[in-house]
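Data first, discussion second: the structure below is written as structure tokens.
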Amino acid sequence: MTYREIIFSGILDCFVELDYNTELCSIRFLKGEERLKETRTKIASIELDEYFKGKRKDFSCEMDISRLPAFSRKVLNETRKIKYGTTITYSELADRIGSRAVRAVGGALSNNPFPVLIPCHRVVAKSGIGGYSSGVDIKTRLLEFEKNRSITFNSS
DNA sequence: AGCAGGTTTAGCG
DNA sequence: CGCTAAACCTGCT
């Protein structure tokens with residue numbers, strides 16, 4: 001029994017698919033042009049939708065990453081601490097978990113099952129934006145969006 | 001074992 | 001500044 005919800009992201013101009021089991025198990029961006037029907041009943045879908053509408057900065061929903069390798073879990077848990085509208089580099093993230101495996105950090109991020117919820121887009125290269133498994137264009141838009149939105153949050 | 005990464009640094013033009 | 005090469009560590013075959 002698997003359950004699927006779809007929301008639309010205006011800022012990314014694409015649909016986003018959330019797969020649930022008993023818990024949320026994956027998030028991905030849909031590339032196709034086709035119109036899809038949106039459904040938002042689960043907490044993660046609702047919170048993610050609010051995020052895309054600029055009404056939410058952090059997430060309360062549960063994310064199960066227990067089956068991932070230990071190193072990946074460390075990386076993702078550390079990534080969750082990065083605040084809205086800010087960025088750190090791959091090497092800094094490696095430092096924070098007491099490792100020098102900057103490349104492996106990138107590898108762990110590329111396997112992030114919950115993009116946006118676990119803000120791997122906030123990890124950038126020392127010079128340049130770095131990569132993003134769903135496409136660097138998405139990463140760029142997310143960062144731009146958060147940067148502009150931070151100003152709004154602070155001044156309101 | 002071997003290999004490929006969402007990197008980084010240094011070295012050279 | 002741009003390009004190349006090598007070192008770094010983890011996870012998959």
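Within every chain, numbering begins at 1; the chains are lettered A, B, ... in the order of the sequence lines, protein sequences first and strands thereafter. Below, each value reflects all heavy atoms present in this structure, side chains not excepted, and no hydrogens, waters or symmetry copies.
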Counting the atoms with a prime plus P, OP1 and OP2 as sugar-phosphate, which does [X] contact under 4.0 Å by heavy atoms, base, sugar-phosphate, or nothing?
X        : answer
A:Ala104 : base
A:Phe71  : sugar-phosphate
A:Arg100 : sugar-phosphate
A:Ser72  : sugar-phosphate
A:Ser133 : base
A:Val123 : base

[X] [atom1] to [N] [atom2], straight-line distance once rounded to whole Å:
X        : N      : atom1 : atom2 : answer
A:Ile88  : B:dT8  : CD1   : P     : 11 Å
A:Leu143 : B:dG6  : CG    : P     : 17 Å
A:Arg103 : C:dG11 : CZ    : C1'   : 13 Å
A:Leu93  : C:dC9  : CG    : P     : 15 Å
A:Leu109 : B:dT8  : CG    : C1'   : 16 Å
A:Tyr132 : B:dG6  : OH    : P     : 13 Å
A:Ile129 : B:dT8  : CD1   : P     : 13 Å
A:Asp95  : C:dC8  : CG    : C1'   : 13 Å

Should the pair A:Lys147-A:Glu144 be classified as a salt bridge under the 4.0 Å nitrogen-to-oxygen rule? yes
Go through [options] for me and flag the one nearest to the [X] side chain.
X        : options              : answer
A:Val102 : B:dG6, B:dT8, C:dA7  : B:dT8
A:Pro69  : C:dG11, B:dG6, C:dA7 : C:dG11
A:Thr89  : B:dT8, B:dG6, C:dC8  : B:dT8
A:Lys126 : B:dG6, B:dT8, C:dC8  : B:dT8

| request: Test for a donor-acceptor pair under 3.5 Å between the base of B:dG6 and the side chain of A:Tyr90, counting only N and O atoms. | output: yes
The side chain to side chain donor-acceptor pair (under 3.5 Å) partner of A:Ser45 among A:Arg40, A:Glu5, A:Arg4 is A:Glu5
Assign the ring pair A:Tyr20 / A:Tyr3 to parallel, tilted or perpendicular, where the plane angle (0 to 90°) is split at 30° and 60°.
-> tilted
Practice task
For the residue pair A:Tyr51 and A:Phe145, categorise the inter-ring angle as parallel (less than 30°), tilted (30 to 60°) or perpendicular (more than 60°).
Solution key: perpendicular
Using Watson-Crick geometry (N1-N3 plus N6-O4 or O6-N4) or G-U wobble (N1-O2, O6-N3), each under 3.5 Å, C:dC9 is paired with B:dG5
**Prompt:** Quick one: do A:Val102 and A:Val75 end up in the same hydrophobic cluster if we chain Ile, Leu, Val, Met, Phe, Trp and Tyr together by side-chain heavy atoms under 4.5 Å apart?
**Reply:** no
